[in-house]
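One structure is given below, encoded as C-alpha cells.
Model, not experiment: these values are computed from the prediction.
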Amino acid sequence: QVQLIESGGGLVQAGGSLRLSCAASSRLFSDSAMSWFRQAPGKEREFVAAIKWRGGTTYYTDSVKGRFTISRDVAKNTVYLQMNSLKPEDTAVYYCAAAVRPVLLDRVLSTPRTYDYWGQGTQVTVSS
C-alpha cells in the first residue's frame with residue numbers, strides 16, 4: 001500500500017505560480033510512473049502531466065505545455081508540479097497518482113485507470 005500526500009495548493013492571481021508536491025509513503029520501483037490529474041467542478045478528471053520514475057521522461061497535456069513542469073526526487077519519493085503563468089481555467093482540484101505496475105505503453109499514462117494509488121487532492125484556484 002502506498003499513500004500519497006499532496007501539498008502546495010492555494011489561491012493565486014492569473015499569471016502567478018504555484019508548486020505542488022506529492023510524497024509517496026514508500027519507495028517506488030524503477031518501472032513506476034507518477035502523474036498529476038485535475039478535476040474542475042462539473043467536469044471529468046483530466047490528465048495534466050506524468051513522469052516515468054526510471055529516466056524521468058515527461059508527458060504533458062497540450063494546454064499546460066510550456067507553463068507546467070513535472071519533476072521528481074527519487075531519493076525523497078516525491079513528485080512536483082511547477083505551475084507558471086497560471087490561468088483561471090487551471091482552477092481545479094489537483095490529484096497526484098502513482099502507477100506501481102510497469103506501464104508498457106506511454107499513451108496509457110494519460111488514463112486514470114492506469115494508476116494504482118491516488119492522493120486526496122489539493123485545491124488550486126486562479127483568480128482573474
Side-chain angles (χ1 to χ4, degrees):
Q1 189 79 6
V2 177
Q3 290 185 320
L4 302 176
I5 306 299
E6 298 147 343
S7 61
L11 173 64
V12 66
Q13 288 188 332
S17 298
L18 283 173
R19 188 172 93 147
L20 306 183
S21 299
C22 174
S25 60
S26 59
R27 189 175 69 89
L28 296 174
F29 295 108
S30 58
D31 289 336
S32 300
M34 292 190 73
S35 74
W36 291 94
F37 285 76
R38 64 187 180 188
Q39 188 166 19
K43 295 188 176 181
E44 292 187 355
R45 190 168 298 190
E46 68 166 343
F47 170 76
V48 176
I51 188 165
K52 286 191 170 180
W53 218 241
R54 189 207 319 255
T57 305
T58 58
Y59 307 82
Y60 298 93
T61 192
D62 287 345
S63 63
V64 308
K65 284 180 181 176
R67 300 189 298 124
F68 290 12
T69 302
I70 188 171
S71 62
R72 81 217 190 291
D73 185 327
V74 175
K76 295 182 178 180
N77 296 316
T78 300
V79 65
Y80 305 96
L81 186 68
Q82 177 66 43
M83 304 185 293
N84 299 328
S85 303
L86 282 161
K87 305 175 181 179
E89 51 263 43
D90 294 318
T91 295
V93 176
Y94 283 70
Y95 296 92
C96 170
V100 298
R101 296 166 291 173
V103 178
L104 301 180
L105 297 173
D106 291 349
R107 59 182 171 87
V108 303
L109 287 170
S110 61
T111 304
R113 65 174 180 268
T114 296
Y115 296 89
D116 306 294
Y117 300 100
W118 292 83
Q120 79 284 359
T122 185
Q123 177 70 46
V124 171
T125 303
V126 184
S127 63
S128 57

For the residue pair I70 and W36, what are the closest heavy atoms and their distance? CD1-CD1, 3.7 Å

Considering only residues two or more places apart or on different chains, which pairs with a residue in residues 60-91 satisfy ring-ring contact (aromatic ring centres under 6.0 Å, His included)? none

Any idea which heavy atoms bring Y117 and V2 closest together, and the distance? CD2-O, 3.3 Å

Please list, chain by chain and in numerical order, all residues satisfying side-chain hydrogen bond (donor to acceptor under 3.5 Å, both in side chains) with T125, sequence neighbours excluded. Q123

Pairs where residues 54-64 contributes a residue and the test salt bridge (charged side-chain N to carboxylate O under 4.0 Å, His left out) is met, not counting sequence neighbours: D31-R54, D62-K65

All heavy atoms of A14 vs all of S128, minimum pair found to be CB-CA, 4.4 Å

Taking only residues two or more places apart in sequence, or in another chain, which ones meet D73 in a salt bridge (charged side-chain N to carboxylate O under 4.0 Å, His left out)? none

Give every donor-acceptor pair under 3.5 Å between a side-chain atom in residues 16-27 and any protein atom, sequence neighbours left out.
| unit_1 | atom_1 | unit_2 | atom_2 | d |
| --- | --- | --- | --- | --- |
| S17 | OG | N84 | OD1 | 2.9 |
| S25 | OG | Q3 | N | 2.8 |

When you group the ILVMFWY residues by side-chain heavy-atom contacts below 4.5 Å and let the links chain together, are V79 and V74 in the same group? yes

Checking T91 side chain against V126 main chain: does a donor-acceptor pair fall under 3.5 Å? yes

Would you mind reporting whether M83 and V64 have side-chain heavy atoms less than 4.5 Å apart? no

Linking directly or through intermediates, with side-chain heavy atoms under 4.5 Å: list the remaining ILVMFWY members grouped with Y59, chain and number order. F37, F47, V93, Y95, V103, L105, V108, L109, Y115, W118

Side-chain heavy-atom pair R72, L28 within 4.5 angstrom cut-off: no

Within this structure, what is the CD1-OG1 distance for the pair I51 and T57, rounded to the nearest 0.5 Å? 8.0 Å

Among pairs that include at least one residue of residues 97-128, which meet disulfide (SG to SG under 2.5 Å), considering only residues two or more places apart or in two chains? none

Nearest non-hydrogen partners of Q120 and I5, listed with the distance: OE1-CA, 4.2 Å

Which salt bridge (charged side-chain N to carboxylate O under 4.0 Å, His left out) pairs, counting each pair once, include a residue from residues 87-102, with sequence neighbours left out? R38-D90, R67-D90, R101-D116

Considering non-hydrogen atoms only, spot the tightest contact between E6 and T122 and give its length. OE1-N, 3.7 Å

